[in-house]
Structure formats: C-alpha cells, structure tokens
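Take a look at the structure set out below.
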Amino acid sequence: EAQVTQNPRYLITVTGKKLTVTCSQNMNHEYMSWYRQDPGLGLRQIYYSMNVEVTDKGDVPEGYKVSRKEKRNFPLILESPSPNQTSLYFCASSERGGVNTEAFFGQGTRLTVV
Amino acid sequence: AQKVTQAQTEISVVEKEDVTLDCVYETRDTTYYLFWYKQPPSGELVFLIRRNSFDEQNEISGRYSWNFQKSTSSFNFTITASQVVDSAVYFCALGHYTGGFKTIFGAGTRLFVKA
C-alpha cells in the first residue's frame with residue numbers, strides 16, 4: 001500500500017529537548033516536504049527536498065532542520081524546541097513536486113512543547 | 001509575493017444544497033499549479049485536484065467541480081448536492097518553482113453539512 005508514515009503521532013516534550021519526527025515513504029518519490037498546521041493559518045511549508053541530498057527552506061524554517069540521506073526518509077529535527085513550535089506537523093511526498101498529479105500526506109504528528 | 005486567500009472561514013449548509021468554496025491566488029509567475037485538499041475530521045489530508053496555469057478547463061468529478069479563471073485569479077470549488085460526509089476543512093494551495101518547488105496554502109474553509 002502506498003503510504004507516508006510519520007512517527008510519532010503524538011509527542012509532548014519540554015523546551016530545549018532535542019527531538020526528531022521521522023517520515024518515510026514507500027513510493028520512491030523524489031519530492032518530500034514538511035508542513036506545520038496552525039489554526040487560522042492553514043499549512044505552512046517548513047522545508048522541502050527535491051531529491052536525495054537536496055533540501056531547501058520553505059516559508060517557516062526557523063528552528064527546524066532536515067536531512068535527506070536516502071530517498072525514502074526525510075526526518076524533521078527540532079534541535080531546541082520552544083513552545084511556539086507546538087503545532088500539527090505533516091510530511092508529504094510526491095513524484096516531482098508540482099509536476100505529478102497527486103501528493104501523499106502522512107497522518108500528522110501533534111507536537112506539544114511545554 | 002505568492003498568496004492564497006480563502007475568504008470563507010466557515011460555511012454551513014443543509015444536506016443536498018450546492019456550495020461553492022472560493023479561492024483567490026496571487027502570483028507573478030506564468031507557470032504555477034493550483035491544488036485543493038480535503039481534511040476530514042479524522043485529520044488526514046486528501047488530495048482532490050491539481051491544475052497547472054496553462055489549463056483553464058473546468059473539471060468535474062462526480063459531485064465536485066472546479067472553476068479556474070486566470071482573469072480573476074480564482075480557482076473555486078463547488079460541491080453539488082452536498083452530503084454530511086463532505087463536512088471537512090478544505091484547503092486551496094498554490095505551487096510554483098523557485099529553484100525548488102514551494103507550496104503556499106490558504107487558511108482553509110471549514111464546511112459543515114447538516115443532515
């Protein structure tokens with residue numbers, strides 16, 4: 001089954017404690033992306049990756065890091081989480097960004113930073 | 001600057017009514033892509049449609065239809081004969097290439113369909 005898998009689904013952490021949200025896709029997609037969803041703001045792109053070892057900033061990259069060492073995985077790293085990073089996070093993948101016909105999203109990770 | 005505006009924050013209709021969700025976008029690019037996604041109460045995001053800027057043909061898929069008008073920078077979504085299962089948040093999004101491919105989402109429209 002084609003899918004994007006995020007882990008964990010829910011996470012409560014304390015300010016400053018490094019964390020990683022994993023994202024894995026099984027469709028051999030080149031393009032992967034991270035978004036955060038906040039009430040009234042829709043989804044905002046954090047980082048994206050056009051292919052292995054190619055990553056770039058989205059609209060809200062501050063406080064986040066990513067890596068793309070292999071095609072299937074695109075982890076999101078919060079080196080020193082702060083309460084303003086409390087949000088719902090989605091990972092997505094697609095064949096080639098906007099050129100393909102469908103984007104697949106993970107189920108979301110609800111992060112709370114206290 | 002790229003921007004997507006979904007002016008309707010919430011819409012409430014009664015089942016079987018038709019409803020149109022508005023989406024207005026801003027871009028200076030000549031090549032861009034427009035999307036609609038559905039987020040049901042369960043929280044996942046479901047892709048509905050993608051349109052590129054060179055294809056202004058309207059599209060119909062069952063009870064769903066989309067009206068793309070470059071002259072007014074709009075990409076509106078109509079649900080005909082709405083059903084309770086259509087209750088969800090709907091997002092319009094604009095994608096474009098700036099070296100890489102970036103996507104800007106609107107704030108979303110929450111649709112309530114009452115039985």
Side-chain angles (χ1 to χ4, degrees), chain A residues 2-6 9-10 23 27 29-61 66 68 74 87-111, chain B residues 1-10 21-25 27 29-55 59 61 66 75 88-110:
Chain A
Q3 60 184 7
V4 178
T5 304
Q6 290 178 231
R9 294 286 312 280
Y10 302 91
C23 174
M27 295 164 279
H29 284 166
E30 292 180 353
Y31 184 89
M32 297 185 75
S33 184
W34 276 103
Y35 300 88
R36 60 178 289 174
Q37 182 179 1
D38 301 290
L41 297 176
L43 283 82
R44 293 178 292 169
Q45 195 168 31
I46 303 171
Y47 268 95
Y48 62 91
S49 170
M50 297 294 287
N51 213 326
V52 175
E53 302 290 3
V54 181
T55 63
D56 207 348
K57 297 176 181 178
D59 288 329
V60 288
V66 294
R68 187 91 182 274
F74 190 44
S87 188
L88 177 60
Y89 292 86
F90 285 99
C91 178
S93 77
S94 57
E95 286 183 6
R96 280 186 294 152
V99 181
N100 72 301
T101 58
E102 183 168 1
F104 293 81
F105 282 80
Q107 291 179 294
T109 295
R110 187 166 292 282
L111 172 65
Chain B
Q2 326 285 332
K3 187 178 178 182
V4 176
T5 301
Q6 294 180 256
Q8 303 148 310
T9 306
E10 288 187 0
L21 309 181
D22 297 332
C23 174
V24 174
Y25 62 92
T27 181
D29 294 343
T30 53
T31 301
Y32 54 89
Y33 302 83
L34 297 166
F35 305 84
W36 276 95
Y37 293 91
K38 175 181 180 180
Q39 188 176 42
S42 51
E44 73 271 23
L45 282 156
V46 178
F47 169 88
L48 295 178
I49 190 172
R50 162 193 163 277
R51 260 286 176 268
N52 73 53
S53 53
F54 301 108
D55 183 2
E59 179 150 342
S61 176
W66 290 269
F75 187 43
V89 180
Y90 291 87
F91 292 101
C92 179
L94 167 69
H96 66 114
Y97 281 97
T98 59
F101 188 78
K102 296 180 74 171
T103 307
I104 298 95
F105 281 75
T109 297
R110 184 177 296 276

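Throughout, a chain's letter reflects where its sequence line sits, starting with A, and its residues are numbered from 1. All figures in this text were calculated on a predicted structure; none of them were measured in a lab.
- Using a 4.5 Å cut-off between heavy atoms, Gln6(B) does not touch chain A at all.
- Shown here is Phe54(B), whose CZ atom has more than 12 heavy atoms of other residues, nucleotides or ligands within 6.0 Å.
- A side chain to side chain contact (heavy atoms under 4.5 Å, CB included) with Leu45(B) holds for exactly one of Tyr35(A), Phe104(A), Phe105(A); it is Phe105(A).
- In terms of non-hydrogen atom pairs under 4.5 Å with chain A, the most contact-rich of Gly100(B), Gly43(B), Gly95(B) is Gly100(B).
- Shown here for Ala107(B) and Gly40(A), the closest heavy-atom pair between the two residues is CB-O, 3.4 Å.
- Within 6.0 Å of CZ in Arg110(A) there are 12 or fewer heavy atoms belonging to other residues, nucleotides or ligands.
- In terms of the side chain to side chain donor-acceptor pair (under 3.5 Å) criterion, Asn52(B) has no residue partners (sequence neighbours excluded).
- Residue Lys57(A) qualifies as open at atom NZ: its count of foreign heavy atoms under 6.0 Å is 12 or below.
- Only the backbone of Leu41(A) comes within contact range of chain B, judged by heavy atoms closer than 4.5 Å.
- With hydrogens and angles disregarded, a donor-acceptor distance shorter than 3.5 Å links the side chain of Gln45(A) to the backbone of Thr103(B).
- One finds the CZ atom of Phe47(B) at 9.5 Å from the OG atom of Ser94(A) (value rounded to the nearest 0.5 Å).
- Proximity to chain A (any heavy atom under 4.5 Å) is restricted, for Tyr37(B), to the side chain, taken from C-beta onward.
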CA sep, side-chain torsions, deciding dist, call: Phe90(A), Gln39(B), side-chain contact (heavy atoms from CB on, under 4.5 Å): CA-CA 12 Å; Phe90(A) 285 99; Gln39(B) 188 176 42; 3.5 Å; yes

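- Inter-residue side-chain proximity for Tyr48(A) and Lys102(B) is flagged as met; some heavy-atom pair is nearer than 4.5 Å.
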